[in-house]
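To start, the structure under review is shown below, and the notes come after it.
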Amino acid sequence: MSKLPDFEGLALFAKVAEERSYAGAARAVGVSVATVSRAVSRLEERLGGRLFNRSSRQLALTEFGLRVVEGAARSYREAEAAEDAARELSSRPRGTVRLAVPMSFGLRWVAPLLPELFRLYPDIAVDLHLSDARVDLVGEGFDAALRIAALPDSALVARRLMPVAPLVVAAPGYLARHGRPSHPADLKPEHCLGYAYRARRGVWRFRGEGGEEVTVVPSGPLRVTNADALLPTLLDGLGVAELPDFIAAEYLADGRLEALLPEWCLPGGALSFVTPSAQARPAKVEALAEFFAARLSRVAPGYR
């Protein structure tokens, strides 16, 4: 015999007692009369006593049934209350969301939005994981992620929020010493700084307006796991690097960096809101998806 109580049997027994009818109980819970009858018979066998006296016209609790019914009815009500509470939680944005975000983007764009998020959804908390390393959403227990790059994992559901353009940049001091490249072949690989988590495995693939393709493999003195760490070396005029536009924008705007090779493009990416599954997504995750879609899909002043 199972060590677990027969919850189904107790619930259907309580419903039969309330309705005073097997058929009435079956209609109330949406199952067949046979299912109700089997559940009550199974419970009687488990408990070792008859719960109802049955006749062709009447159904009445036995003395044994009278002793059992109060506890069974209480369990049924408590189970209903637990389900109602769970449904309310699942339909209302509430609880902690474990969210993985690339570090530089998270510091610049996600963290500043959080006060507004918390004002809109006071019952939501965010466990924010900032790292450029790719996380396993399912294996590491994350509810969602903001990702920049291609999304090869078909088990994930992605909602594209905005484009992210890569730019090759250098400081004016570097250009004064080494000249401004007019073709990707003019770039000196030993001056090109690297980013460890780059989606295209450390190779810069340029495409010209006429369809010409040129690759450059950075072999400079610095390789980092976070693109912000490139900035001191870049600003000191010691190299060339590829930066996403959301990092480069402020430095391009004030002239501390300059964009190179404007006639050539690197494969662009996009920011996506990613979840393990679109099925039965909790309200707290859906709320974050809509919030970030509304805020990050807009082009912020000075961003482009």
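By the salt bridge (charged side-chain N to carboxylate O under 4.0 Å, His left out) test, R160 is found to be paired with no residue, residues two or more places apart in sequence or in another chain being considered. Applying the salt bridge (charged side-chain N to carboxylate O under 4.0 Å, His left out) test to E8 and every residue at least two apart in sequence or in another chain returns R42. In this structure F13 satisfies the ring-ring contact (aromatic ring centres under 6.0 Å, His included) test together with F52, sequence neighbours excluded. Every residue two or more places apart in sequence or in another chain that forms a side chain to side chain donor-acceptor pair (under 3.5 Å) with S32 is listed here: T35. Residues satisfying the side chain to side chain donor-acceptor pair (under 3.5 Å) criterion with H129, sequence neighbours excluded, are absent altogether. Taking the side chain to side chain donor-acceptor pair (under 3.5 Å) definition, one finds that E213 meets it with R207, sequence neighbours left out. Annotation: side chain to side chain donor-acceptor pair (under 3.5 Å) contacts of E70 (sequence neighbours excluded): none. Residues that satisfy the salt bridge (charged side-chain N to carboxylate O under 4.0 Å, His left out) test with E78, not counting sequence neighbours, are absent from this structure. Here D236 pairs with nothing under the salt bridge (charged side-chain N to carboxylate O under 4.0 Å, His left out) rule; sequence neighbours left out.
Using a 4.5 Å heavy-atom threshold, the side chains of C192 and V216 count as touching. The closest side-chain heavy-atom distance from V169 to Y251 is not below 4.5 Å.
Counting only residues at least two apart or in different chains, salt bridge (Lys or Arg N to Asp or Glu O under 4.0 Å) contacts with residues 168-195 comprise R180-E258. Under the side-chain hydrogen bond (donor to acceptor under 3.5 Å, both in side chains) criterion, the residue pairs touching residues 217-232 are S104-N226, S104-D228, R108-D228, D132-N226, with sequence neighbours excluded.
Criterion: ILVMFWY side-chain heavy atoms under 4.5 Å apart, direct or through other members. Under it, L51 and F7 are not part of a common hydrophobic cluster. Residues Y195 and L238 do not share a hydrophobic cluster, clusters being chains of Ile/Leu/Val/Met/Phe/Trp/Tyr side chains in contact below 4.5 Å.
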Please set out all donor-acceptor pairs under 3.5 angstrom arising from side-chain atoms of residues 21-29, sequence neighbours excluded.
unit_1 : atom_1 : unit_2 : atom_2 : d
S21    : OG     : A23    : N      : 3.1
S21    : OG     : G24    : N      : 2.9
Y22    : OH     : R54    : NE     : 3.2
Y22    : OH     : R54    : NH2    : 2.8

